[in-house]
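Each remark here refers to the structure printed beneath this line.
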Amino acid sequence: MQDFADRLERSWNAAQYLYFGLPLAWLCLLASFLVPIGLVFVLFVIGAPAWPEIVLVLRRLAGYERTRAGTRLGTPVPELYLPLDGAPADRIRLALTDPGTWRDARWLPILTCSVIGFTALSVPLWGAGLVVDGARMGLGGALDRRRAEHSGVPAAPRTSLVLRHLDTLADTQARWSARLLRPSASARLAERVAELSDTRAGAVEAHSAELRRIERDLHDGVQAQLVALSMRIGLARQQVRADPDAALARLDEAQEGVEGALAELRQVVRTVHPPVLTDRGLAGAVRALAASSAIPVEMGLSAVESGHRLPASVEAAAYFAVAEALTNIRKHSRATRASVRFTRTNGLLRVTVTDDGAGGADGADGADASGLLGIRRRVAALDGTTGLTSPPGGPTELRVELPCGS
């Protein structure tokens, strides 16, 4: 009887999907008449402002069905629309030119007919299934198990003949909705082009900001020290004959200035591309970061310790993400320990940095926002993604994914 009970539960879930679609089907039927009425409004101009509101109603209906179909199929159905923003004329134009509007309008009558038709078919299937499958799986299965107890040979489970078709109806309805409501290839391509344009703009802005920072560091640091060094050497030249001891003192000061300028210049170079990354690879560079950290850092670096080096751009992005994350942890989190882990799967390098601090970082505001924005831009320029989870009270987790080609 357990097999029959499980079959009843699955069939009831499938029937529920169809039955709960009936109210949506009737709303879609009404919306099917609403669309031509809205287009008539547009033709008469005076009623044109109602068209964007009608389109928003269609989007809500389609969004509800996307959720239902995605839950049934176990795969989310993507949504892609043009935002209806701006002046009334712009909203009307966007509502008319958005391919998603006509995709939803085409879906309305199909959903109405399919849900009503499939629901009507499910009613006789229930009656026949309770009789046929009840006798086959319920009574027949009980007899099979009783014979198995006497013979010692396990009985093969009996399959459904009728009720299983309820699953077929529900899955077919969900697949139709998913196929009709999924954005077209051209719409996805347009979205991808827009995304790459934004990414490129962000990368250009990040590059410009980095150049401005380097220029500022050189101007305020190295250049100022070199100017002071030139003045000391000039004074030494003037004093070398009249007062050799004073000239020697000026030269000693100049030598100290050279050492300071070199140290400052090395620091600037490290922020562009740290030599340790080139010399020791990503694993060695991250170990150097952890060694200089003010708090203990647990590391999982096996994924980047193999002999095969990652592309230089990927290593640099991962290194600077870890460096910025550890800096933010030291400055803002009040954490007592942190961890850095690398994993590689399906051509992606995943970097996860966590800490046990106070949490509450959102990356949108506050002292650490600019650093996280820099990480996002650097990662996005390589077609990667960045995620941050930081509930109040912690823990905080920064996740970076970078395509690495292996």
Side-chain angles (χ1 to χ4, degrees), residues 206 209-210 213-214 217 221 260 262-306 309-310 312-344 349-379 382 384-402 404:
E210 187 72 6
R213 182 193 61 77
I214 294 171
D217 290 346
L262 286 174
E264 187 78 20
L265 188 58
R266 291 191 191 99
Q267 184 62 34
V268 173
V269 170
R270 288 192 189 98
T271 63
V272 178
H273 190 86
V276 67
L277 191 58
T278 302
D279 298 338
R280 298 169 55 186
L282 182 56
V286 171
R287 283 197 179 91
L289 287 175
S292 62
S293 174
I295 62 173
V297 180
E298 180 185 354
M299 291 176 290
L301 306 177
S302 58
V304 292
E305 286 184 309
S306 63
R309 291 285 296 268
L310 295 170
S313 58
V314 173
E315 287 191 342
Y319 172 84
F320 283 112
V322 173
E324 185 63 39
L326 292 179
T327 299
N328 286 339
I329 290 172
R330 175 178 58 83
K331 289 182 177 179
H332 311 298
S333 71
R334 302 194 299 277
T336 59
R337 63 180 183 275
S339 71
V340 178
R341 298 195 176 279
F342 290 85
T343 57
R344 289 167 68 177
L349 173 67
R350 292 187 175 89
V351 187
T352 306
V353 183
T354 59
D355 68 74
D356 63 348
D362 60 8
D365 196 8
D368 57 347
S370 60
L372 291 172
L373 179 60
I375 292 175
R376 287 193 175 97
R377 284 177 170 173
R378 187 185 290 270
V379 170
L382 300 178
T385 59
T386 305
L388 178 67
T389 303
S390 183
T396 295
E397 180 180 273
L398 175 69
R399 300 174 304 280
V400 171
E401 289 190 355
L402 291 161
C404 61

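This chain uses plain numbering: 1 for the first residue, then up along the sequence.
Between Val304 and Glu315, the closest side-chain pair of non-hydrogen atoms is not below 4.5 Å. A 4.5 Å side-chain heavy-atom check between Arg376 and Leu388 finds at least one atom pair inside the cut-off. Inter-residue side-chain proximity for Val286 and Val297 is flagged as unmet; no heavy-atom pair is nearer than 4.5 Å. Contact of the Thr354 side chain with the Pro395 side chain is not registered, since no non-hydrogen atoms from C-beta on lie closer than 4.5 Å.
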Legend entry - side-chain contact (heavy atoms from CB on, under 4.5 Å) evaluation trace for Phe342 with Val322: CA-CA 11 Å; Phe342 290 85; Val322 173; 4.1 Å; yes
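Of all heavy-atom pairs between Leu398 and Ala321, the closest is CD2-O, 4.3 Å. Taking all atoms of both residues into account, the shortest heavy-atom contact from Ala290 to Met299 is CB-SD, 3.7 Å. Taking each heavy atom of Ala318 and Val351 in turn, the nearest pair found is CB-CG2, 4.1 Å. For the residue pair Ala335 and Ile295, the shortest heavy atom distance occurs at O-CG2, 3.6 Å.
Atom OG of Ser293 is separated from atom CZ of Arg337 by 13.5 Å, given to the nearest 0.5 angstrom. If you take CG on Leu301 and CZ on Arg341, they are separated by 9.0 Å, rounding to the nearest 0.5 Å. To the nearest 0.5 Å, atom SG of residue Cys404 and atom CG of residue Leu382 are 11.5 Å apart. With rounding to the nearest 0.5 Å, the separation of CZ in Arg350 from OG1 in Thr385 is 8.5 Å. Interatomic distance, CG of Leu282 versus CG of Leu349, reported as 7.0 Å (0.5 Å rounding). Atoms CG and CZ, on Asp355 and Arg334 in that order, are 11.0 Å from each other to the nearest 0.5 Å.
A donor-acceptor pair under 3.5 Å links the side-chain atoms of Asp356 to the main chain of Thr336, judged by distance alone. Between the Arg399 side chain and the Thr352 main chain, no donor and acceptor come within less than 3.5 Å of each other.
Remark: Arg378 is positioned above the aromatic ring of Phe320, its terminal NZ or CZ atom under 6.0 angstrom from the ring centre and at most 45 degrees off the axis.
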